[in-house]
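To start, the structure under review is shown below, and the notes come after it.
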Amino acid sequence: MDRRDRRDRPDRRDDEIPDRLTLHVGDEGRLFERSRPRSRPNELVVSPVELHQRNVQRRLREARLPKDAFRFEDPVGVCLRVLESAGRPTGAVDRVDRLSLIRSIFGVTAPDDSTGFALSTGAPSRDPRRVERIRTEVEALTNFHPERLSAWTDTAAELDGPIDAEADAVLDAALGIERELRDRTAEAVSETALLRRATRSITATNGSVWREAYPDIDRLTLLGLSSLSAPHTDLVNALLTATAVEIHVHFREGTGEYLRRRVPGLLAIADPGTVPFPSTEASE
């Protein structure tokens with residue numbers, strides 16, 4: 001079956017994909033087919049990479065197609081609008097301030113394995129940039145959801161040594177620094193934490209905050225994804241659970257087929273946005 005035939009098939013692979021979720025590999029041209037004059041946008045076009053979003057808008061201009069049907073946002077902009085509708089805090093620590101906080105943590109934390117920052121070298125890492133990179137990567141893979149953290153631990157236990165201990169150390173380092181950061185700031189630890197907060201607000205209100213934030217939007221399109229992070233997956237999960245929004249996800253060529261096969265497992269998470277940390281308005 002050639003590429004054209006494959007793309008002309010229904011994109012939902014099996015019954016495990018929700019009816020309102022359509023997965024594409026490439027095929028962003030389908031977005032342009034929905035371009036038409038409208039008094040208000042009815043489709044929210046979201047891309048984690050700003051350049052990709054600008055390229056889509058440029059292609060619309062070059063084709064002399066109206067943009068009236070589309071509203072363009074990045075994931076952070078979406079979560080801020082939802083949180084504002086919910087009346088919840090929107091302040092978040094940026095990377096520079098996180099690195100400063102990590103430096104202060106190392107200034108008061110004893111340099112031994114009990115700190116939770118032990119890494120594959122067998123000694124604690126005191127490089128703030130390395131620890132922040134670990135925290136960010138674990139956050140992207142798990143969104144700090146208890147089910148994914150448990151799956152990480154279970155998988156690590158099946159690995160041969162010393163890789164099993166290294167995997168555990170990475171997870172412990174990420175969770176340890178996340179807890180410490182939460183204790184030291186009155187704002188969300190990261191913009192991803194705001195995304196989790198918005199995700200929980202959508203499900204907790206049965207979608208009402210989403211409808212207030214985007215009353216005219218009946219379709220959300222995620223574009224240009226070379227990966228599907230856990231935070232973005234959880235947002236999609238919440239929208240499918242609590243709203244009537246139709247969702248289209250466009251994966252990039254190359255990794256798209258692999259990612260499409262993984263979607264059912266990624267969505268098989270209860271209570272998206274949940275974290276195993278004390279629930280405080282200041283930190284989460």
Side-chain angles (χ1 to χ4, degrees), residues 4 7-12 17-88 90 191 194-195 197-199 201-203 205-226 228 231-253 256 260 263 267 272:
R4 180 177 178 180
R7 287 184 173 181
D8 286 342
R9 293 186 307 169
D11 291 289
R12 290 185 285 273
I17 301 296
D19 289 340
R20 288 185 289 107
L21 175 61
T22 305
L23 307 175
H24 308 266
V25 177
D27 255 2
E28 293 179 3
R30 295 189 181 185
L31 174 71
F32 305 131
E33 294 172 3
R34 298 192 289 272
S35 173
R36 56 182 53 84
R38 289 185 61 92
S39 58
R40 291 187 179 87
N42 72 321
E43 182 163 350
L44 186 62
V45 181
V46 179
S47 174
V49 179
E50 184 179 353
L51 177 61
H52 191 85
Q53 191 175 128
R54 291 202 301 266
N55 286 340
V56 170
Q57 296 182 64
R58 176 183 55 78
R59 290 172 62 187
L60 284 167
R61 288 194 303 271
E62 291 175 348
R64 297 184 179 181
L65 294 172
K67 296 191 294 183
D68 303 354
F70 308 121
R71 175 170 182 159
F72 294 88
E73 286 276 20
D74 59 28
V76 175
V78 171
C79 75
L80 290 177
R81 188 174 181 89
V82 169
L83 291 174
E84 287 168 358
S85 296
R88 300 200 63 193
T90 59
E191 290 180 337
L194 293 180
L195 187 57
R197 187 181 293 174
T199 296
S201 293
I202 291 169
T203 55
T205 63
N206 199 28
S208 65
V209 294
W210 175 267
R211 291 187 289 273
E212 183 176 345
Y214 296 104
D216 300 306
I217 296 297
D218 53 34
R219 181 185 294 111
L220 182 144
T221 295
L222 275 168
L223 291 177
L225 300 182
S226 56
L228 188 57
H232 294 153
T233 300
D234 286 350
L235 176 63
V236 168
N237 198 352
L239 290 172
L240 291 171
T241 300
T243 77
V245 174
E246 178 185 331
I247 299 177
H248 288 252
V249 176
H250 291 259
F251 297 119
R252 289 185 182 180
E253 299 283 357
R260 187 158 67 171
V263 166
L267 291 175

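Computed over heavy atoms, backbone and side chain alike; hydrogens, waters and symmetry mates excluded.
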side-chain hydrogen bond (donor to acceptor under 3.5 Å, both in side chains) partner of Arg54, the single match among Gln57, Glu50, His52 | Glu50

Would a distance-only check, ignoring hydrogens and angles, find a side-chain to backbone donor-acceptor pair under 3.5 Å from Arg260 to Val25?
-> no

With side chains defined as the heavy atoms from C-beta onward, is the minimum distance between Ile202 and Leu239 less than 4.5 Å?
-> yes

Is it true that Glu43 and Arg34 have a side-chain N and a carboxylate O under 4.0 angstrom from each other?
-> yes

Using a 4.5 Å cut-off on heavy atoms from C-beta on, say whether the side chain of Leu267 contacts that of Pro18.
-> yes

Check: Arg252 side chain, Gly224 main-chain N or O, donor-acceptor pair, under 3.5 Å = yes

Please tell me if the side chains of Val46 and His232 come closer than 4.5 Å, counting only heavy atoms from C-beta onward.
-> no

Any side-chain heavy atom of Leu228 within less than 4.5 Å of one from Val263?
-> yes

Side chains of His248 and Glu28: do they bring a donor and an acceptor to under 3.5 Å?
-> no

In short, His250 meets Asp27 closest at the heavy-atom pair CE1-O, 3.1 Å

Quick one: OG1 on Thr90 to CZ on Arg197, what's the gap to the nearest 0.5 Å?
-> 8.0 Å

Which value, rounded to the nearest 0.5 Å, describes the distance between Leu21 atom CG and Ile247 atom CD1?
-> 6.5 Å

Are any of the side-chain nitrogens in Arg219 or Glu246 under 4.0 Å away from the carboxylate oxygens of its partner?
-> yes

Is the number of heavy atoms from other residues, nucleotides or ligands under 6.0 Å of Arg64 CZ greater than 12?
-> no

Nearest 0.5 Å, what's the OG1-CZ distance between Thr221 and Arg71?
-> 14.5 Å

For Val209 and Ala86, the nearest pair of non-hydrogen atoms, with its separation, is CG1-CB, 3.7 Å

Is the CD atom of Glu62 crowded by more than 12 outside heavy atoms at less than 6.0 Å?
-> yes

Phe251 side chain near His24 side chain, heavy-atom distance below 4.5 Å | no

Test: Arg81 cationic atom under 6.0 Å from Tyr214 six-membered ring centre, within 45° of axis = yes

Polar side-chain atom of Asp74 near backbone of Ser47 as donor-acceptor pair, under 3.5 Å = no

Within-4.5 Å side-chain heavy-atom neighbours: Asp68 and Arg36 | no

Indicate yes or no: at least one non-hydrogen side-chain atom of Asn42 is less than 4.5 angstrom from one of Phe70.
-> no

So, do Ser35 and Lys67 sit near enough that their side-chain heavy atoms are less than 4.5 Å apart?
-> no

Minimal non-hydrogen separation, Pro272 against Asp234, with atom names = CB-O, 3.6 Å

What heavy-atom pair brings Thr203 and Ala238 nearest, and what distance separates the two atoms?
-> CG2-CB, 3.5 Å

Could you grab the distance from atom CD of Glu212 to atom CD of Glu84, nearest 0.5 Å is fine?
-> 11.0 Å

Nearest-0.5 Å distance that lies between atom OG1 in Thr199 and atom CG in Asn237 | 9.0 Å

Do you know the tightest heavy-atom contact between Ile217 and Pro41?
-> CD1-O, 3.8 Å

Can you tell me if Arg40 uses its side chain to pair, donor with acceptor, with the backbone of Ala69 under 3.5 Å?
-> no

Mind checking the CG-CG spacing from Leu31 to Leu60? Nearest 0.5 Å is all I need.
-> 6.5 Å

